[in-house]
Amino acid sequence: MCGVIGAVSHEQVGQLLVDGLQRLEYRGYDSAGVVTVSEKGLARLREVGKVRALNQSMQKSPLFGQCGLAHTRWATHGKPTQTNAHPHVSRDSVAVVHNGIIDNCDAIREELLADGYVFASETDTEVIAHAFHQAYGETKDAILALRQTCDRLHGTYAFGLVLRDEPGKLWAACHGSPLVVGIGDQAHYIASDMVALASLTSRYIYLEDGDSVVMTQDHLQIFNKRNQPVTRELHELSLSVGQTSKGEYRHHMLKEIHEQPEVIKNTLAGRLTQEDVLASLFPEEAMTMLEGIDRVQIVACGTSYNAGMVASYWFESIAGIPCQVEIASEYRYRHHVVKDNALFLTISQSGETADTIAALKHAQMFGYQATVTVCNAANSALARLSDYVLLTQAGVEIGVASTKAFTTQLTVLLLLVLGMGQQRQCEGLNVIKQGLALLPESVEKLLDLASQIEPIAQWLSHYQHALYLGRHTCYPIAQEGALKLKEISYIHAEAYPAGELKHGPLALVDENMPIIILAPNDGMIDKLLANVQEVAARGGHLVVLTDAPERFAKSQNTRIIPMPAIMPALVPLLYTVPLQLLAYDVATVLGTDVDQPRNLAKSVTVE
Ligand code: AGP
């Protein structure tokens, strides 16, 4: 969603800010803008569309100043137009960029209108600029005015602010939306995520909820929500440019699909021991707590929800622990009956998904034994709010369509299930562990399927709709395959448990409805063969992923993607990869924006 970057430096910042916005493009946006402040006042440029349009405007009319802010906007309040693009300005003297949503913006707008402020945009952000202007006029103290402004706002925000009359200073505040401060060489920065600052610094401070900050090129002062000066931990993290660039690949998504063997290996490193797997995942004090867990509630969104669905099958079939899964935006708004000894588990790549964070806060009212998050961002809000964090080692994921984050989530979840299974002395765990140790190699080999998938993708790209079918753990993998296809190719795709076919979706099946079936050679293959016949009898076209191709009649309506034989526990991890490649290839045939699909954002930081 919206991306924020700000800088105050000993050198000119205009181009540096626009370059930072380019690194934030992956978050998803529809307009972009930049403001600098110098002795001559505020100078601003805003463009609808891509950052490159803003860059071109910068080349034509460069902005001067050693302090400034920039922003990519993902429209919530008001259409993606130039006047709604950030930065927003109050009376030529205050400029603001903001990520989040101000819930009470209408009420504040009414008050400010009554006080004579004129609004140029439909955004909620503009109230921050005017409210600050008003408070600063009354207090003549920017820190106090910032606190008074924050106290007036309900909702979530991470915003940066500059003043015409203080060209060497930058202010920022956050509540419910992440904000990181970068410490440079005679420079300080702010950003909504550290990727924006990748080439500028490796020293970061993560602000806490309610913090505000004022910075010059040499000084930094942080205040907590009671306006008391505080210090926050400094983190050294080097994010190489290689981690955020496409390298030799055409798209970030393709690079990330190919990184899976390596990141799965990193996620397993040091954790897949013959002894106690849990000891490698959790601190000592968590062991007794986990031993007493009788049930698990998983909550997540999108791809992370699909990972949770797979885990629920694993928890029950491998570790014998009852497990429920729910979409975070549903969970957060209903009452729950929570039995004793229940574990609450969130899953999130970004750790910043607003619905998942709200669900965790909601869960904290219901007496769960403990909260755990499976997350790819060590300093994210979810990681900070949870009792325990299980980190995936996916590295930075830039493509909006999640790939390597998903398979590393599955890897961590399987480790957790194995660990809890060990505590309960379940059988069959060692075989799974042996298979898991070989998983990076197995995934590597699967990438060779690319040449067989390409012609199928060419064919699939001619359709408007597709159905994905699977049973057991292959059902959530079918969901994930359908999600990938619709996200990046805009082909309408739905997934069903294969047994549901004749309870409705069969009505859709004809020669215009391709069906992708996940058919591992396990106890359910005969049932799937029956589903295949139902489809074939109605002229439907099939793509079958299977390690038993001989079981499927050769016909021009059936295309096979040959899969290796693998133990059932690892089927979901393996069957994901060809579905990612299939979606990617269809999207490239159709020429869509694979890494930044329309309307979508990487981190969904608003409800
Ligand atoms: C995945 O391809 C999606 N872009 C999306 O569904 C994503 O998984 C979802 O928004 C949850 O994000 P999170 O994992 O960062 O919480």
*Quick one: list whatever passes side-chain contact (heavy atoms from CB on, under 4.5 Å) with Ala359, sequence neighbours left out.*
Val299, Ala328, Tyr331, Arg332
_Does any part of the side chain of Pro505, heavy atoms only, come nearer than 4.5 Å to the side chain of Leu467, both counted from C-beta?_
yes
List the atom pairs, with distances to 0.1 Å, where a side-chain N or O of residues 427-439 and a protein N or O form a donor-acceptor pair under 3.5 Å, not counting sequence neighbours.
from, atom 1, to, atom 2, distance (Å)
Lys433, NZ, Thr273, O, 2.9
Lys433, NZ, Gln274, O, 3.3

*CG of Leu579 to CG of Leu483: how many Å apart, nearest 0.5 Å?*
11.5 Å
*Measure the CE-CD1 distance between Met253 and Ile398 for me, rounded to the nearest 0.5 Å.*
14.0 Å
*asked:* With salt bridge (charged side-chain N to carboxylate O under 4.0 Å, His left out) as the rule and sequence neighbours excluded, what pairs involving residues 402-411 come up?
replied: Glu259-Lys404
*Decide yes or no for Ser402 and Lys484: does some side-chain heavy atom of the first lie under 4.5 Å from some side-chain heavy atom of the second?*
yes
*For Thr72 and Glu25, run side chain to side chain donor-acceptor pair (under 3.5 Å): C-alpha distance rounded to whole Å, both residues' side-chain angles, the deciding distance at 0.1 Å, then the answer.*
CA-CA 7 Å; Thr72 46; Glu25 284 190 291; over 6 Å; no
*Identify, with sequence neighbours excluded, every residue that meets salt bridge (Lys or Arg N to Asp or Glu O under 4.0 Å) alongside Asp294.*
none
*Pairwise side chain to side chain donor-acceptor pair (under 3.5 Å) hits with a residue in residues 451-471, at least two apart*: Trp459-Tyr463, His465-His492, Arg471-Asn531
*What do the steps show when you test Asp526 against Arg551 for salt bridge (Lys or Arg N to Asp or Glu O under 4.0 Å), and what is the final call?*
CA-CA 9 Å; Asp526 291 329; Arg551 307 272 328 252; 2.6 Å; yes
*Side-chain contact, heavy-atom cut-off 4.5 Å: Arg271 with Val277?*
no
*Do Met563 and Leu446 come within less than 4.5 Å of each other through their side chains, counting heavy atoms only?*
yes
*How about His252 and Tyr26: are their ring centroids closer than 6.0 Å?*
no
_In the structure I gave you, are the side-chain heavy atoms of Glu316 and Pro322 within less than 4.5 Å of one another anywhere?_
yes
*State the CG-NZ distance between Asp593 and Lys50, to the nearest 0.5 angstrom.*
4.5 Å
*What do you reckon, is CD of Gln324 surrounded by more than 12 foreign heavy atoms closer than 6.0 Å?*
no
_Between OH on residue Tyr475 and CE on residue Met309, distance to nearest 0.5 Å_ = 5.0 Å
*Would you say Arg538 and Met513 make side-chain contact, with heavy atoms under 4.5 Å?*
no
*Who passes side chain to side chain donor-acceptor pair (under 3.5 Å) against Gln580, sequence neighbours left out?*
Gln260
_Any Thr346 side-chain heavy atom under 4.5 Å of Thr353 side chain_ = no
*Would you check if His251 and Thr588 make a side-chain contact, meaning some heavy-atom pair closer than 4.5 Å?*
yes
_Aromatic contact between His335 and Phe366, with the criterion being ring centroids under 6.0 Å apart: yes or no?_
yes
